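Structure, as structure tokens:
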2 protein chains.
Amino acid sequence: MKQVHATALKQLAIMGALNAFTEVTSKRLGEALGISQQAASMTILKLAESGLIERQIGHKGQRLMLSPKGVELLKKEYLEYKLLFEPAKRMQIHGTVFSGLGEGKYYISQPKYKQQFLKKLLFEPFEGTLNIRVVPADMPLFQRLSYSEGIRIEGFVSKGRTFGDVKCFLGRIQGIECSVILPVRTHYTDVMELIARENLRSRLSLHDGDIVEAEVEMD
Amino acid sequence: MKQVHATALKQLAIMGALNAFTEVTSKRLGEALGISQQAASMTILKLAESGLIERQIGHKGQRLMLSPKGVELLKKEYLEYKLLFEPAKRMQIHGTVFSGLGEGKYYISQPKYKQQFLKKLLFEPFEGTLNIRVVPADMPLFQRLSYSEGIRIEGFVSKGRTFGDVKCFLGRIQGIECSVILPVRTHYTDVMELIARENLRSRLSLHDGDIVEAEVEMD
DNA sequence: ATTACTATAGTGCGAGTAA
DNA sequence: TTTACTCGCACTATAGTAA
């Protein structure tokens, strides 16, 4: 999925193909996008091939409509812009519970982290994390955390091993206070890890695959 | 200005460069965009060259911030998405008054148009149009009219000359009822033409270069 | 009118690498 | 570590044109 195709998809939506089959010639699309008729024709083919639009082809023209997948893509794009210009301090992030490999538990059990949790989060977390795989639609929200300051927990070296800086964002899950914890040096991930006073999994009777909503405060 | 650069600009904004100089390495930008460090570096150069971002270069890294022009570009993009998913029925479109070549007057003076104006707009317009050059920021709003139905005025042939279908959108300018009129087969333009019962220019004491706000109803 | 194929020209990407 | 150059390749656009 190339970016130029997302632009074409947006243009088609503007032309009315967002929620109805609309007559769009490759010539008109090309003019609107500032590309040739041929390039527009190819773009339409690629969009259809990617399953982002549905086509109805006649002998003199075609009717196009965005597919649900196409609409979803534009909505995600819209959300990203909206977060830029109308940032919300409180976000609801949805995802599914899954079991990690216990790495989270190992990390947050480190005394030098624990001291800081108590001091900066004002609670001593249960030694384990709740792993949530964020739904694609909420990824722009979740990613905002990567680019925000949050509550900084300093890293350290222990027994020759490096524990990097991490950051936290306070929040709630089903009414229980908790905190999102993520590394400062973060790479793209859809895994959100939560820590709390208690064992969230047992306290909330959560099982793998359960869909949950976490509320996260940005500052 | 290529589309891929707009995407990079958005990513930089997400990373915090929207309103503050932010440390961004070409490597990190590349990772976020799914391109190589080299390509990201080139993209940054092009963005700076286009005046969309400001750079502060150090010996080990750089700090970037969007320029006002860059912010404007993203805002326009945001507006386009917003109109898609949260369309407003009433829009305020801004522009500057300018003098046309009297073509508008010639067209709307045609009896077959005038009959329809009276019947469909419920008023007989003054024989002249007020030309407004729409400000760039409001272009997405104005363009929505091109892709909307509006009140259809049928075209005709008179004395061997073809007068095409046009469409109208009711509205107001400084409290005076008026109508935007534009051809159905519309090409990209920033010229909005208004018709009204009276001569808007004299009624509102407008002169070339005056900035005005027109309110337009979409249905 | 359309869509869309083919051939060619042009642009952009990543790898290697210099500074 | 950075940024950003050159080079070669692949992708993409356009012109011409067929259907």
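Everything numeric here is computed off the predicted structure, so don't read it as measured data. Order of the sequence lines sets the chain letters (A, B, ...), proteins ahead of strands, with each chain counted from 1.
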Report task. Check whether any side-chain heavy atom of B/I181 lies under 4.5 Å from a side-chain heavy atom of B/F117, and answer yes or no. Result -> yes
Query raised in the report: Expressed in angstrom and rounded to an integer, what is the separation of B/L45 atom CG from D/dT6 atom P?
Result: 12 Å
Query raised in the report: Should A/M15 and A/L29 count as side-chain neighbours, where that means a heavy-atom distance under 4.5 Å?
Result: yes
Query raised in the report: Could you state the CG-C1' distance from A/L29 to C/dT2, rounded to the nearest angstrom?
Result: 14 Å
Donor-acceptor contacts under 3.5 Å from residues 30-39 of chain A side chains, at least two apart:
{"unit_1": "A/E31", "atom_1": "OE2", "unit_2": "A/K27", "atom_2": "NZ", "d": "3.1"}
{"unit_1": "A/S36", "atom_1": "OG", "unit_2": "A/A39", "atom_2": "N", "d": "3.1"}
{"unit_1": "A/Q37", "atom_1": "NE2", "unit_2": "A/S26", "atom_2": "OG", "d": "3.2"}

Requested in this report: Please determine if a side-chain N or O atom of B/S41 lies less than 4.0 Å away from the OP1 or OP2 oxygen of D/dT3.
Outcome: no
Query - Residue of the set A/T96, A/D190, A/T189 for which side-chain hydrogen bond (donor to acceptor under 3.5 Å, both in side chains) holds with A/R133 - result: A/D190
Query raised in the report: Any donor-acceptor pair under 3.5 Å linking the side chain of B/K10 with the backbone of A/E77?
Result: no
Query raised in the report: Would you say D/dT2 has OP1 or OP2 under 4.0 Å from some side-chain N or O of B/R63?
Result: no
Please write out the pairs of protein N or O atoms and N or O atoms of nucleotides 9-13 of chain D separated by less than 3.5 Å, giving the distance to one decimal.
{"unit_1": "D/dT12", "atom_1": "OP1", "unit_2": "A/K2", "atom_2": "NZ", "d": "2.9"}

Query raised in the report: A/I44 has an atom CD1; how far is it from atom P of C/dT2, in whole Å?
Result: 12 Å
Report task. Could you check how far CZ of B/R55 sits from C1' of D/dT3, rounded to whole Å? Result -> 8 Å
**Report entry** Rounded distance (Å) that lies between atom P of D/dT1 and atom CZ of B/R28
**Finding:** 16 Å
Query - Nearest-angstrom distance from the residue atom CD of A/E23 to P of C/dT3 - result: 11 Å
Query raised in the report: Is any side-chain heavy atom of A/V180 less than 4.5 Å from a side-chain heavy atom of A/I93?
Result: no
**Report entry** From A/F156 atom CZ to A/T162 atom OG1, the distance as rounded to the nearest 0.5 Å
**Finding:** 10.0 Å
Query raised in the report: Given that B/G34 and A/K27 both sit by DNA chain C, which one's nearest nucleotide is further toward the 5' end?
Result: A/K27
Query - side chain to side chain contact (heavy atoms under 4.5 Å, CB included) partner of B/I53, the single match among B/L45, B/L66, B/V24 - result: B/L66
Query raised in the report: Could you give the distance from CD1 (B/I108) to CZ (B/F163), rounded to the nearest 0.5 Å?
Result: 12.5 Å
Query raised in the report: How long is the line joining CD of B/Q56 and P of D/dT3, in whole Å?
Result: 14 Å
Table of protein N/O atoms under 3.5 Å from nucleotides 16-19 of chain D N/O atoms:
{"unit_1": "D/dG16", "atom_1": "N7", "unit_2": "A/Q38", "atom_2": "NE2", "d": "3.4"}
{"unit_1": "D/dG16", "atom_1": "O6", "unit_2": "A/Q38", "atom_2": "NE2", "d": "3.0"}

